[in-house]
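Remarks on the structure that follows.
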2 protein chains.
Amino acid sequence: MATTDPARPGFALPLLLLAGFRALVDDLHAELARQGHPDLRPVHGFVLQAVGPDGTTASELGQRLGVSKQAAGKTVDRLVALGYLERVDDPTDARRKLVRTTEKGVDGLRRSAVLLDALRQRWAATLGEERVAAMEDDLRAVTPPNFFRLDVPGWFGG
Amino acid sequence: MATTDPARPGFALPLLLLAGFRALVDDLHAELARQGHPDLRPVHGFVLQAVGPDGTTASELGQRLGVSKQAAGKTVDRLVALGYLERVDDPTDARRKLVRTTEKGVDGLRRSAVLLDALRQRWAATLGEERVAAMEDDLRAVTPPNFFRLDVPGWFGG
DNA sequence: TACGGTAGTCAACGTGGTTGTCGAAACCGT
DNA sequence: ACGGTTTCGACAACCACGTTGACTACCGTA
């Protein structure tokens with residue numbers, strides 16, 4: 001997919017979608033790094049978002065993200081080490097260890113929301129709000145809902 | 001980014017772009033697996049495409065893909081083991097080892113082109129050709145050209 | 001000819017994923 | 001109340017993909 005050969009129009013579309021995603025996420029994380037979150041990676045955003053305000057367990061997190069509980073557990077370990085998540089014992093079940101977002105994690109999520117809104121506005125300023133909305137509508141129409149919970153193995157590594 | 005909370009519109013756009021990319025690439029590789037290429041991964045498509053018809057070296061490949069020459073070399077190793085690439089000595093320079101696409105690699109690329117065209121047509125059947133074209137135009141307008149050659153560290157692993 | 005730059009490789013390591021195994025705790029039917 | 005099954009978290013081994021740093025072999029040139 002290195003070129004967008006006009007003779008092969010199929011190659012262009014996935015590349016452009018990936019380019020769009022990366023453009024947004026790269027800008028987001030560059031600004032996040034400036035605002036005190038240099039260690040936050042794209043993957044971490046998905047995880048923090050999936051933990052949710054009430055906390056969850058590593059197993060449940062794995063199910064939500066479509067990865068094994070072990071993989072989820074290791075990612076939680078890293079985010080705990082970085083100070084974005086914390087583990088607490090579940091008083092009602094000695095097996096479970098609740099994973100909760102720390103204040104730092106909430107700050108990262110809050111800043112991400114603000115920055116992504118701003119990035120969307122930047123696109124709207126270039127393309128027009130109705131074109132961005134149309135793109136979102138069209139993508140919703142051709143993609144399965146909750147796509148990232150599908151466990152398609154081998155996505156990146158594994 | 002686990003939810004598309006209407007109160008946070010910024011979260012939706014990157015998620016939808018990624019969902020679109022994944023929808024296309026997942027379908028592509030599912031069909032590629034059925035057509036005799038079960039070991040081909042999304043990453044491999046980029047590499048095969050970047051090698052090009054005339055072959056190249058690991059260092060140059062790394063530059064094109066925005067990764068180190070060592071990383072490029074290791075990925076070439078795996079694709080050689082799978083039979084998609086081959087290394088030949090450069091007769092004009094004993095340091096260089098040319099990386100070339102094998103017949104199997106060309107077959108994978110050819111099938112990918114056909115399948116991606118079909119996938120694009122499927123989108124056009126749902127959305128209308130002009131909407132797909134508009135999406136491509138809009139994405140071209142907001143993404144930097146040759147985005148994947150930018151070396152942004154830490155994208156997935158590293 | 002001696003030297004600087006380049007190509008490829010090896011080693012060590014980090015991140016994100018997999019499967020398999022295991023003990024402790026909880027749940028449930030008898 | 002107890003014994004079997006399930007579930008959770010942890011550990012180990014492994015793979016894919018990326019990074020730096022160091023090293024050898026070779027090329028081109030002053």
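Sequence lines set the chain letters: A, B, ... in the order given, protein chains first and strands last, and positions in each chain run from 1.
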Legend entry - Residue pair D39(A), H44(A): steps toward the side chain to side chain donor-acceptor pair (under 3.5 Å) verdict: CA-CA 9 Å; D39(A) 297 321; H44(A) 300 158; over 6 Å; no
Inset, instruction - Using atom CZ of R41(B) as one end and atom P of dC15(D) as the other, report the distance to the nearest whole Å. - result: 15 Å
Inset, instruction - Output the single nucleotide from dC17(D), dC26(D), dG9(D) whose closest atom is nearest the side chain of R95(B). - result: dC26(D)
Inset, instruction - Look at the side-chain N and O atoms of T75(B) and state whether any lies under 4.0 Å from the OP1 or OP2 oxygen of dA16(D). - result: no
Legend entry - Below 4.0 Å: OP1/OP2 of dA7(C) and any side-chain N or O of R87(B): no
Legend entry - Phosphate OP1/OP2 of dA25(C): any R96(A) side-chain N/O under 4.0 Å: no
Inset, instruction - May I ask you to evaluate whether S59(B) reaches the phosphate of dT6(C), defined as a side-chain N or O under 4.0 Å from OP1 or OP2? - result: no
Legend entry - Whole angstrom value for the distance that separates P of dC8(D) from CG of D77(A): 17 Å
Legend entry - Stepwise salt bridge (charged side-chain N to carboxylate O under 4.0 Å, His left out) test for R120(A) and E129(A): CA-CA 9 Å; R120(A) 210 204 97 113; E129(A) 165 59 31; 2.5 Å; yes
Legend entry - Atom CZ of R100(A): over 12 foreign heavy atoms under 6.0 Å: no
Inset, instruction - Would you kindly compare K74(A) and K97(A) by the position of their nearest DNA chain D nucleotide and give the one closer to the 5′ end? - result: K97(A)
Legend entry - Gap between atoms CG and C1', on D39(A) and dG16(C) respectively (whole Å): 16 Å
Inset, instruction - To the nearest Å, give me how far apart CG (L65(B)) and C1' (dT19(D)) are. - result: 16 Å
Legend entry - Short side-chain N/O contact from H44(A) to OP1 or OP2 of dT15(C), under 4.0 Å: no
For nucleotides 19-23 of chain C, tabulate all protein N/O to nucleotide N/O atom pairs closer than 3.5 Å, reporting atom names and distance.
| residue | atom | partner | partner atom | Å |
| --- | --- | --- | --- | --- |
| dG20(C) | O6 | Q70(A) | NE2 | 2.5 |

Inset, instruction - Specify the residue among A58(B) and T92(A) whose closest nucleotide of DNA chain C lies further upstream toward the 5′ end. - result: A58(B)
Inset, instruction - Whole angstrom is fine here: how far is it from CD in Q63(B) over to C1' in dG8(C)? - result: 14 Å
